[in-house]
Protein chains: 2
Amino acid sequence: MQLSNTSKYAIRILSYIAKNEDKKLQNAKELSEILEIPYKFLTKIMTDLVNKEFILSIRGREGGYKLARSASTISVLDILNAFNELTHFSECILGSQTCDPQKKCILHDQWAKPRTLIKQMFAETTLEKIEGEDFKT
Amino acid sequence: MQLSNTSKYAIRILSYIAKNEDKKLQNAKELSEILEIPYKFLTKIMTDLVNKEFILSIRGREGGYKLARSASTISVLDILNAFNELTHFSECILGSQTCDPQKKCILHDQWAKPRTLIKQMFAETTLEKIEGEDFKT
DNA sequence: TTTAAATACTACTTTAAGGTAGAAATTAAA
DNA sequence: TTTAATTTCTACCTTAAAGTAGTATTTAAA
């Protein structure tokens with residue numbers, strides 16, 4: 001019942017870059033140190049973020065990363081979906097294949113409200129809205 | 001962002017047994033077929049449920065399983081805790097070690113309400129209260 | 001007393017996530 | 001033009017969850 005490390009890292013990376021857009025480019029070495037994410041794992045995630053078009057990369061000396069689009073257009077839900085974190089989120093919480101309103105699973109009604117609230121929260125929270133300060137592990 | 005298979009199975013197994021307490025004993029072969037859980041995996045989980053004192057087992061021919069205590073005293077939260085599903089649930093959703101009210105993580109405030117709601121729901125939902133019908137995969 | 005039906009135990013295999021290593025490719029500075 | 005700082009690619013290693021296999025143990029029925 002928690003997010004994958006990859007998703008947690010991705011959210012923290014994007015948030016940090018969004019909050020420091022003035023600095024123009026961020027590089028992997030610094031991101032790794034500041035966010036306390038293993039360098040090699042971070043670069044793997046950065047490549048994902050580039051491929052998924054959250055991030056633009058500039059290669060070579062003096063290169064680095066920056067947001068590919070405005071922070072206000074990137075929600076936490078977008079990030080989680082890109083990393084397939086919520087693929088089964090709308091399905092039965094107990095994994096029942098046959099769970100539907102006619103034949104409800106045993107947590108069907110109870111789970112409905114929390115699920116809606118979580119999804120709304122992820123959808124409404126954009127990188128722009130984020131106001132926290134802590135980006136470390 | 002979902003429960004482990006083991007937890008899902010455990011909830012469904014205990015719910016099914018609770019709803020069929022009149023039948024006295026349930027055996028692994030039938031549970032496996034009705035709940036569509038691999039037999040060998042189910043027996044492993046049953047042993048856990050016995051050790052964690054949710055279930056009493058009677059060994060030997062005509063043996064089987066039954067609840068170790070009243071369905072009204074077993075909440076979904078109890079089950080999830082027994083399988084360590086929520087060990088990090090009260091911690092930072094992004095895994096930040098230094099997240100606290102003074103130095104909030106970027107989802108700190110947003111996550112507070114959904115988290116509370118989920119935990120309350122799990123705590124309030126006992127095997128007795130469950131009214132669903134579907135126990136299959 | 002033998003047998004069959006049941007749980008319990010030990011150990012293994014499979015799969016996916018998390019993480020690491022090394023080298024290639026790119027590009028601006030020196 | 002060379003070098004150093006950067007991203008990218010390919011491949012591998014590690015760990016934990018999920019699932020499987022075989023056998024031992026227990027106990028009531030036959």
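Below, read A as the first sequence line, B as the second, and so on, with proteins coming before strands; counting in each chain starts at 1. All figures in this text were calculated on a predicted structure; none of them were measured in a lab.
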Got a donor-acceptor contact below 3.5 angstrom from the [X] side chain to the [Y] backbone?
X     : Y     : answer
A:S70 : A:S72 : yes
B:R12 : B:I37 : no
A:Q2  : B:F89 : no

Quick check: is A:L117 connected to A:F122 through a chain of hydrophobic side chains (ILVMFWY, heavy atoms under 4.5 Å apart)? no
5'-most contact on DNA chain C: A:E62 or A:S7, nearest heavy atom basis? A:S7
Below 3.5 Å, does any donor atom in the side chain of A:K40 face an acceptor in the base of C:dG18, or the other way round? no
base_contact_polar (D:dT25 base, B:R59 side chain, donor-acceptor, <3.5 Å): yes
For nucleotides 13-16 of chain D, print each protein N/O atom paired with a nucleotide N/O atom at under 3.5 Å, atom names and distance only.
none

Whole angstroms only, please: what is the [atom1]-[atom2] distance between [X] and [N]?
X     : N      : atom1 : atom2 : result
A:I58 : D:dA5  : CD1   : P     : 19 Å
B:E33 : C:dA5  : CD    : P     : 14 Å
B:E30 : C:dA5  : CD    : P     : 13 Å
A:M46 : C:dT20 : CE    : P     : 17 Å

Using a heavy-atom cut-off of 4.0 Å across all strands, would you classify [X] as base, sugar-phosphate, or nothing?
X     : result
B:K44 : base
B:T43 : nothing
B:Y39 : base

Approximate separation, where rounding is to 0.5 Å, of A:I11 CD1 and B:C105 SG: 9.0 Å
From the set [options], return the single nucleotide nearest to any side-chain atom of [X].
X     : options                : answer
B:R61 : D:dA28, D:dG19, C:dA28 : D:dA28
A:Y65 : C:dG18, D:dT7, C:dA8   : D:dT7
A:S4  : D:dT7, D:dA18, C:dG18  : C:dG18

Does the Lys NZ or Arg CZ of B:K8 fall within the cation-pi geometry relative to B:F83 - under 6.0 Å from the ring centre and within 45° of the axis? no
Smallest heavy-atom separation, B:A71 atom then B:T126 atom, equals O-CB, 3.8 Å
Examine C:dT7: is either OP1 or OP2 under 4.0 Å from a nitrogen or oxygen in the side chain of B:T47? Give yes or no. no
